[in-house]
Amino acid sequence: MSQSQSHLSALFSEAFRQLGRNRPVPEIEVRFYPYAGISHKIRLRSGRVYVRISDIFEKAPPEVHRAIAYILVARLLSKRSPETHERVYRAYAYSPQVLRAQDLARRQRGRKMLSSARGRVYDLDKLFQRLNRRHFDNELEKPVLTWSQRRTRRILGHHDAAHDTIVISKTLDDREVPEWFVEYVLYHEMLHIKHPARLIKGRRYYHTNAFRAEEQRFPYYDEAQRWLEMVALKRQVPRARAA
Ligand SMILES: [Zn+2]
């Protein structure tokens, strides 16, 4: 979690304390999301609150972030949001610079985002759905799924938590690569959504024991490890990996 995100979570906690009266403040996870337009979402699941804010607002001033927190928390609690926050939000959301950014995002993302998950051979959306059903009880929120622009050979997959995006190396979108291997790399990245990085004594741990244990439950885990070794031998590069 970046500094700006923990700052945002603090704003949402504040809004809960103010609007929720005697309710306990839940754990809150806030992410920016590259929506095609201005859109923010808040939902409650198993006692945790998940917030997605349009990344167009990532650089907004603090008072706008606070306004968003109050408006979304009010929505979740079915309350009216304070008028002052509505005003601050509207003034920013309808400013020329934000309208322009929104317009640009819509044009650049609207269609491209939908099609970039579909490669020439493999469709990441389909693979995600299947893995989500088989291994996650359909509990994972779908992130942005996309093939990499360049053919990265060493890093085969990457999860960007701040932007809720999984990128899979274009080198895997190939008939020579078995489907179970592409699934393994995607499964690894999906585990990063389920097991967020843990901060221990100022260090960030991505592959915790719980993460590794669950990774090994993948039906083709051993085959995938051998495939990774083989790829490295063939290309004479250090062992490729899912980051
Ligand atoms: Zn990883």
Side-chain angles (χ1 to χ4, degrees), residues 1-6 27 29-34 48 50 52 55 116-117 119 121-174 177-235 237-243:
M1 193 183 286
S2 70
Q3 207 172 9
S4 75
Q5 277 170 296
S6 52
E27 259 193 84
E29 192 180 284
V30 185
R31 284 179 181 172
F32 289 105
Y33 193 82
R48 275 177 77 101
Y50 297 86
R52 282 175 168 186
D55 66 350
S116 62
V121 181
Y122 295 116
D123 183 344
L124 295 175
D125 276 330
K126 268 199 199 137
L127 298 183
F128 177 92
Q129 266 175 32
R130 194 193 298 162
L131 289 166
N132 201 15
R133 193 175 57 229
R134 280 193 194 152
H135 303 287
F136 301 92
D137 294 324
N138 274 330
E139 285 276 309
L140 284 196
E141 281 282 295
K142 199 172 91 169
V144 177
L145 295 165
T146 182
W147 293 99
S148 64
Q149 299 290 321
R150 287 183 298 156
R151 300 176 63 82
T152 55
R153 289 181 190 284
R154 275 200 64 195
I155 305 292
L156 300 177
H158 173 68
H159 171 237
D160 176 351
H163 295 96
D164 202 15
T165 299
I166 288 177
V167 182
I168 303 294
S169 172
K170 213 198 273 182
T171 54
L172 302 185
D173 186 27
D174 189 319
V177 179
E179 188 174 60
W180 55 259
F181 185 72
V182 184
E183 282 191 339
Y184 161 74
V185 174
L186 181 56
Y187 175 73
H188 177 104
E189 303 311 328
M190 288 167 74
L191 286 175
H192 279 302
I193 300 176
K194 183 172 173 186
H195 299 271
R198 293 185 56 190
L199 199 61
I200 301 168
K201 290 183 187 152
R203 256 202 73 183
R204 220 176 277 281
Y205 291 87
Y206 291 95
H207 302 114
T208 56
N209 290 340
F211 181 106
R212 289 300 185 197
E214 200 162 339
E215 185 184 27
Q216 284 168 23
R217 269 186 247 146
F218 187 72
Y220 291 90
Y221 179 80
D222 294 329
E223 288 88 340
Q225 300 311 306
R226 281 200 289 277
W227 187 273
L228 286 167
E229 299 282 358
M230 191 193 68
V231 170
L233 283 175
K234 238 174 35 186
R235 292 186 179 136
V237 293
R239 196 173 183 279
R241 64 196 172 90

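Just so you know, ligand 1 is whichever comes first in the structure, and atom 1 is the first atom listed for that ligand.
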(request) For the pair Trp180 and Glu223, evaluate side chain to side chain contact (heavy atoms under 4.5 Å, CB included) and give the outcome as yes or no after the intermediate values. (result) CA-CA 9 Å; Trp180 55 259; Glu223 288 88 340; 3.5 Å; yes

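- Taking the ring centroids of His188 and Phe211, they lie under the 6.0 Å cut-off.
- Separating the CG atom in Leu186 from the CG atom in Asn132 is a distance of 10.0 Å, to the nearest 0.5 Å.
- Without hydrogens or angle criteria, Ser148 side chain to Lys170 main chain gives a donor-acceptor distance under 3.5 Å.
- For the ring-ring contact (aromatic ring centres under 6.0 Å, His included) with Tyr187, the qualifying choice from Tyr221, Phe181, Tyr220, Phe136 is Phe136, the only one to do so.
- Tyr184 and Glu215 share a side-chain donor-acceptor pair at under 3.5 Å.
- Near the Zn ion (ligand 1), less than 2.8 Å away, sit the protein N, O or S atoms His188 NE2, His192 NE2, His207 NE2, Ala243 O.
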